[in-house]
Amino acid sequence: MLDADFPAIYQTLKDGIARDILTPQLHGLEHLNGAAFARLYRQDDPRLAAAKATADWWSDWESLDSPLQGHYVDGSALPTSPVDSAEAQNIIELAAASFQRMFGAPSVSTVAPCYLWSDNIEAHWSKQNIIAIQTAGYRCTGRDQSGHYRQDPPIIRVGNKSRFGQTYLVRNVMYEPVDGKNTVASAIAEAEIAYLQAAPISISTHRYNFTRSETECSNAIAGLDRLLSAITNSFPRVRFLSSAELAGTLSDQSLEVINRFNGKRWPALNPARGQRKLGAFLYRLYYRHRKLALIGYMTGLCLPAWIICKTGIKNG
C-alpha cells in the first residue's frame with residue numbers, strides 16, 4: 001500500500017492536501033489485474049520478464065504490455081474478459097476502505113485504469129458512494145481480438161449520467177509531453193476550445209511524464225507550469241476544482257465548494273448566463289456539428305453568431 005511501501009510519496013501527498021495543492025482520487029487497488037498478473041507470473045510468461053528481473057519494478061508498471069494494465073478486465077489474453085461481480089466487489093471495497101484509511105475521507109470520484117470499466121463496475125462504485133466518474137469522452141468495456149478498445153458508449157459529454165446516477169466528467173485537455181504529441185501548445189489549444197464552450201477544462205497527464213529521466217521530468221514540470229500560466233492568464237476568473245467538487249457543482253450550482261479532505265470552503269461557482277451562455281451554445285454547435293458550421297458560412301449566419309460569441313466572452 002502507498003502509506004506502507006512509499007512513505008515519502010504518501011507524506012508528500014498529505015502535505016499537498018493540507019496546502020490545497022493536491023486532492024487525491026480513487027484510481028483502483030492497482031493499475032493491473034492482480035489475479036491475471038499472479039497467474040502469468042507463475043507461468044513465467046515472457047511479458048512479465050522485466051517485472052521478475054527487477055526488484056523495484058513496481059515503480060514502473062507502465063512498462064507492462066498495455067492490455068495487462070487494465071484493472072477491471074483480464075487482459076492476459078485477447079479479447080479481454082471482464083472481472084466477475086464478486087471479484088469486482090472485493091477489489092472495489094478493499095480499494096475504497098484503504099483510500100479512506102490513508103486520507104481520512106472517502107473518495108466520491110474515480111477514474112478506471114486504462115478507461116476500462118462496465119455497468120457492473122459502476123454498480124459497485126455506487127455502493128461505495130462514488131458520485132463522479134472521470135472519462136476520456138467515452139467508456140471502454142474491453143479490448144477486442146486485435147487489442148482495440150470496445151467503446152460503449154462511444155461518446156460521453158460532461159454532465160451525462162450513468163445508469164446509477166453518477167455524473168460523468170470528461171478529460172478534454174491532453175498533456176503527455178514524453179509521448180511527443182500532446183504538448184503545451186496542443187494542450188493550450190484544447191483548453192481554449194473547452195473555454196469557448198463554457199465547459200470545464202480537465203487536464204489529463206500521467207505519471208510516466210514525471211518519472212523517467214531527470215531531463216524529461218524537468219521539462220514536463222516546466223511545460224505544465226507554462227500550461228497552467230497560459231490558462232490563468234488567458235481565461236478570466238478561472239477557478240480550480242477537484243473532480244468531486246466539479247461533480248457537486250454540476251449537480252447543484254448553488255452549493256459552495258467544499259474540500260472533503262481538509263474541510264476548506266469556497267463560494268459557489270457562477271454559471272454562464274445570458275449572452276455568454278448563448279455564445280457557448282453556438283460554439284458547441286460549431287465544434288460538434290461541422291455541417292451546421294458550413295451552412296452558417298454559406299448563408300452568412302456565421303457573422304452574427306460570431307459577434308454573439310465574441311461579445312459573450314468579453315462580457316462573461
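Quantities reported herein were computed from a predicted structural model and do not represent experimental measurements. The chain is numbered in sequence order, starting from 1.
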Any donor-acceptor N/O pair, N259 side chain to G263 backbone, under 3.5 Å: no

CA sep, side-chain torsions, deciding dist, call: N160, I155, side-chain contact (heavy atoms from CB on, under 4.5 Å): CA-CA 10 Å; N160 287 168; I155 296 178; over 6 Å; no

Validation row: P113, H27 side chains within 4.5 angstrom (heavy atoms): yes

Cluster overlap Y138 with L169, hydrophobic side-chain contacts below 4.5 Å: yes

From D179 atom CG to T183 atom OG1, the distance as rounded to the nearest 0.5 Å: 11.0 Å

Shortest non-hydrogen contact between S76 and L40, atoms and distance: CB-CD1, 3.8 Å

Single-linkage hydrophobic cluster L116~I133, side-chain heavy atoms < 4.5 angstrom: no

Heavy-atom pair with the smallest gap, counting every atom of P67 and R143: CA-NE, 3.7 Å

Single-linkage hydrophobic cluster V108~W125, side-chain heavy atoms < 4.5 angstrom: no

Check ion pair D45-R39 (N to O, under 4.0 angstrom): no

Any donor-acceptor pair under 3.5 Å from H71 side chain to E30 backbone: yes

Q69-S66 side chain donor-acceptor pair, cut-off 3.5 Å: no

Any donor-acceptor pair under 3.5 Å from Q89 side chain to A86 backbone: no

Neighbour count above 12 (heavy atom, 6.0 Å) for K161 NZ: yes

Check: L68 and F37 side chains under 4.5 Å, non-hydrogen atoms: no

I201 side, atom CD1; R239 side, atom CZ - distance, nearest 0.5 Å: 14.0 Å

R237 to Y195, cation-pi by 6.0 Å centre distance and 45° axis angle: no

Contact check, side chains of Y168 and V158, non-hydrogen atoms, under 4.5 Å: no

Single-linkage hydrophobic cluster, 4.5 Å side-chain cutoff, V184 and V238 together: yes

N/O donor-acceptor pair under 3.5 Å between N33 side chain and V73 backbone: yes

Residue pair T80 / G142: nearest heavy atoms and the distance that separates them: OG1-CA, 3.3 Å

Donor-acceptor contact present, side-chain S234 to main-chain I231, <3.5 Å: no

S202 side, atom OG; L246 side, atom CG - distance, nearest 0.5 Å: 7.5 Å

Backbone N/O of E122 and side chain of Q166: donor-acceptor pair under 3.5 Å: yes

Contact check, side chains of F6 and L13, non-hydrogen atoms, under 4.5 Å: no

From I17 atom CD1 to S242 atom OG, the distance as rounded to the nearest 0.5 Å: 11.0 Å

Exam field: side chain S107 to backbone L26, donor-acceptor pair closer than 3.5 Å: yes

Side-chain (D84) to main-chain (E87) donor-acceptor, under 3.5 angstrom: yes

Main-chain N/O of S229 paired to T232 side chain as donor or acceptor, under 3.5 Å: yes

Minimum heavy-atom distance L196-R276, with the two atoms named: O-NH1, 3.2 Å

Short side-chain to backbone donor-acceptor contact, Q128 and H124, under 3.5 Å: no

Residue pair M102 / P24, side-chain heavy-atom distance below 4.5 Å: no

R163 atom CZ, over 12 foreign heavy atoms within 6.0 Å: no

Working for side-chain contact (heavy atoms from CB on, under 4.5 Å), residues R171 and Y115: CA-CA 11 Å; R171 295 178 175 182; Y115 304 117; 3.1 Å; yes

OG on S126 to CD1 on I121, rounded to 0.5 Å: 12.5 Å

Nearest-0.5 Å distance that lies between atom OG1 in T205 and atom CG in L227: 9.0 Å

Residues N172 and E190: side-chain donor-acceptor under 3.5 angstrom: no

Closest non-hydrogen atom pair, K264 against N262: N-OD1, 3.0 Å

Donor on one side chain, acceptor on other, H206 and E176, under 3.5 Å: yes

Least distance between heavy atoms, S254 atom then D252 atom: OG-OD1, 2.6 Å

ILVMFWY cluster, V170 and L250 together (side-chain gap under 4.5 Å): yes

Validation row: R157, R284 side chains within 4.5 angstrom (heavy atoms): no

Criterion side-chain contact (heavy atoms from CB on, under 4.5 Å) on Q197 and R288, from CA distance to verdict: CA-CA 10 Å; Q197 299 176 75; R288 298 179 186 179; 3.9 Å; yes

Any Y175 side-chain heavy atom under 4.5 Å of I188 side chain: no

Residues, nucleotides or ligands: over 12 heavy atoms within 6.0 Å of F235 CZ: yes

Student check: side-chain heavy atoms of Y287 and I193 closer than 4.5 Å: yes

Stepwise side-chain contact (heavy atoms from CB on, under 4.5 Å) check, T249 with L255: CA-CA 6 Å; T249 295; L255 294 177; over 6 Å; no

Salt bridge present between D119 and R139 (N-O < 4.0 angstrom): yes

Under 3.5 Å side-chain donor-acceptor pair for Y72 and N120: no

Q134-S243 side chain donor-acceptor pair, cut-off 3.5 Å: yes

